[in-house]
Undergrad: 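Before I ask anything, let me first share the structure, which is written out below as structure tokens.
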2 protein chains.
Amino acid sequence: MSVTRKKPVKASAESTSAKVRAAGLRPTRQRIALAGLLFRDEDRHVTAEALHEEAAKAGVRVSLATIYNTLHQFTQAGLLNEVVVDSGRAYFDTNIGDHQHFYVEENGALIDIPGETIGISNVPTPPKGMAVDRVDVVVRIKRA
Amino acid sequence: MSVTRKKPVKASAESTSAKVRAAGLRPTRQRIALAGLLFRDEDRHVTAEALHEEAAKAGVRVSLATIYNTLHQFTQAGLLNEVVVDSGRAYFDTNIGDHQHFYVEENGALIDIPGETIGISNVPTPPKGMAVDRVDVVVRIKRA
DNA sequence: AATCTCTTTTGAATTGTTCTAAAGTGTTGA
DNA sequence: TCAACACTTTAGAACAATTCAAAAGAGATT
Ligand SMILES: [Mn+2]
Ligand SMILES: [Mn+2]
Ligand SMILES: [Zn+2]
Ligand SMILES: [Zn+2]
């Protein structure tokens, strides 16, 4: 049988608030609204600017500074992961499980590659006194 | 016997100029000086700002705009590779062979991992109409 | 409700990079 | 050898992404 990861099908405002609180953060209007946008459906990848626009469209007034604060707090709380694929802007990922990405250089889109898919072997031992924090694999793709 | 990659042991001003010319670029004072710094010894990883400071220390007057122009031109000419490990600044690598990196988050240092070391298998097929451009692996390390 | 602490906001500040347009330099071929 | 042209460099402005500061606002606790 295949190991299927449970997706949060539909998070209520209640559980959203609880999720924020469980992360050790006060469930403020802004944090609840952003968590609602981020975690209501499928896993997703957002930039600060994109989330800001999305919030605006959803009628939620949140400053850009708060978007940045929130993304970083959620990341620190383990609710989000940061994905580094571009030396110009930061992406945040609601999929916090072990997985990799396709990165479409042309339009900046990220596509998840399930964690069991790619095999990575023989990662060398880090220099003395250092330990592996994380191994990131980015498959850059472009129009064939 | 082991396959040892040839390192450019010591590039003369002559050959540096030739290298720039061979890349289809006019061997200007700035480009020759920067190529000299970049390719004289071992493979290295630089940021624009770091190369700018290094040039200044070496007594070469080059504007930051020229550093950026040159790094991009060298990259486009295949003399350098860009390495994406930080969403805040761009790194350029004089090692253009297939290889991966350790990235020391603490101080921004990059350490090469030879191309034959890490094994990557089962890279999935990209979406229709797309092709793999490159697979990047970054091993993020921190103090143990 | 009073109070305390944590948050949000606005706008300025910073950082990294790109752009502009004017001045300078490499190349070519009389 | 040098004029003429194309390509380069430069300073500084402009931009984009992100962070910071200080003051106003809002959750939590009593
Ligand atoms: Mn670039
Ligand atoms: Mn930036
Ligand atoms: Zn992802
Ligand atoms: Zn390298």
Side-chain angles (χ1 to χ4, degrees), chain A residues 13-14 16-37 45-56 59-77 79-80 82-92 107-108, chain B residues 13-14 16-37 45-56 59-77 79-80 82-92 107-108:
Chain A
E14 271 308 299
T16 299
S17 183
K19 183 164 192 168
V20 170
R21 183 175 280 110
L25 297 165
R26 280 190 189 172
T28 63
R29 181 174 57 76
Q30 293 80 341
R31 295 207 269 232
I32 292 169
L34 295 178
L37 292 174
H45 307 96
V46 302
T47 60
E49 191 56 48
L51 183 58
H52 190 219
E53 281 164 25
E54 185 175 333
V60 184
R61 276 188 341 295
V62 192
S63 74
L64 188 54
T66 294
I67 298 280
Y68 276 105
N69 287 340
T70 303
L71 287 173
H72 285 139
Q73 290 154 355
F74 282 8
T75 299
Q76 202 165 336
L79 267 39
L80 294 176
E82 190 177 341
V83 183
V84 179
V85 285
D86 183 295
S87 64
R89 61 194 156 159
Y91 285 80
F92 294 86
N107 64 3
Chain B
E14 271 308 301
T16 299
S17 185
K19 182 164 193 166
V20 171
R21 182 175 280 108
L25 297 166
R26 284 191 188 173
T28 63
R29 179 173 58 73
Q30 295 78 342
R31 295 208 270 232
I32 292 168
L34 294 178
L37 292 174
H45 307 96
V46 301
T47 60
E49 191 56 48
L51 183 58
H52 191 219
E53 281 165 25
E54 185 175 334
V60 184
R61 273 187 346 296
V62 193
S63 73
L64 188 54
T66 293
I67 298 279
Y68 277 105
N69 287 340
T70 304
L71 287 173
H72 285 140
Q73 290 153 355
F74 282 8
T75 299
Q76 202 165 335
L79 300 175
L80 293 177
E82 191 177 340
V83 183
V84 180
V85 284
D86 183 294
S87 64
R89 62 194 154 160
Y91 285 79
F92 294 87
N107 63 3

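First the proteins, then the strands, lettered A, B, ... as listed; each starts at 1.
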Undergrad: I need the OH-P distance between B:Tyr68 and D:dA13, as an integer number of Å.
TA: 18 Å
Undergrad: When the distance from CG of A:Asp86 to P of C:dT18 is rounded to whole Å, what number comes out?
TA: 11 Å
Undergrad: Measuring to OP1 and OP2 of D:dT18, would you say a side-chain N or O of A:His72 lies under 4.0 angstrom away?
TA: no
Undergrad: Expressed in angstrom and rounded to an integer, what is the separation of A:Arg21 atom CZ from C:dC6 atom P?
TA: 16 Å
Undergrad: Does A:Arg26 offer a backbone N or O that forms a donor-acceptor pair with the side chain of A:Arg31 under 3.5 Å?
TA: yes
Undergrad: Grab the two heavy atoms, one from B:Ser87 and one from A:Glu82, that are nearest each other, plus how far apart they are.
TA: OG-OE2, 3.4 Å
Undergrad: Taking only N/O atoms, report every protein-nucleotides 8-12 of chain D pair under 3.5 Å with atom names and distance.
TA:
residue: D:dT8; atom: OP1; partner: B:Arg31; partner atom: NH2; Å: 2.7
residue: D:dT8; atom: O5'; partner: B:Arg31; partner atom: NH2; Å: 2.9
residue: D:dT9; atom: OP1; partner: B:Thr28; partner atom: OG1; Å: 2.6
residue: D:dT9; atom: O3'; partner: B:Gln30; partner atom: NE2; Å: 2.6
residue: D:dT10; atom: OP1; partner: B:Gln30; partner atom: NE2; Å: 3.3
residue: D:dT10; atom: OP1; partner: B:Arg61; partner atom: O; Å: 3.3
residue: D:dT10; atom: OP2; partner: B:Ser63; partner atom: N; Å: 2.9
residue: D:dT10; atom: OP2; partner: B:Ser63; partner atom: OG; Å: 3.2
residue: D:dT10; atom: OP2; partner: B:Thr66; partner atom: OG1; Å: 2.7

Undergrad: Can you confirm whether B:Ile67 sits close enough to B:Leu34 that some side-chain heavy atom of one is under 4.5 Å from a side-chain heavy atom of the other?
TA: yes
Undergrad: Less than 4.5 Å apart, any side-chain heavy atom of B:His52 and any of B:Thr47?
TA: no
Undergrad: Just how far, in rounded Å, is P of C:dT15 from OH of B:Tyr91?
TA: 16 Å
Undergrad: Rounded to the Å, how far apart are B:Arg89 CZ and C:dT14 C1'?
TA: 15 Å
Undergrad: Do any N or O atoms from the side chain of A:Tyr91 and from the backbone of A:Asp86 form a donor-acceptor pair under 3.5 angstrom?
TA: no
Undergrad: Any side-chain heavy atom of A:Gln76 within less than 4.5 Å of one from A:Gln73?
TA: no
Undergrad: Please report, rounded to the nearest Å, how far the P atom of D:dT18 is from the NE2 atom of A:His52.
TA: 13 Å
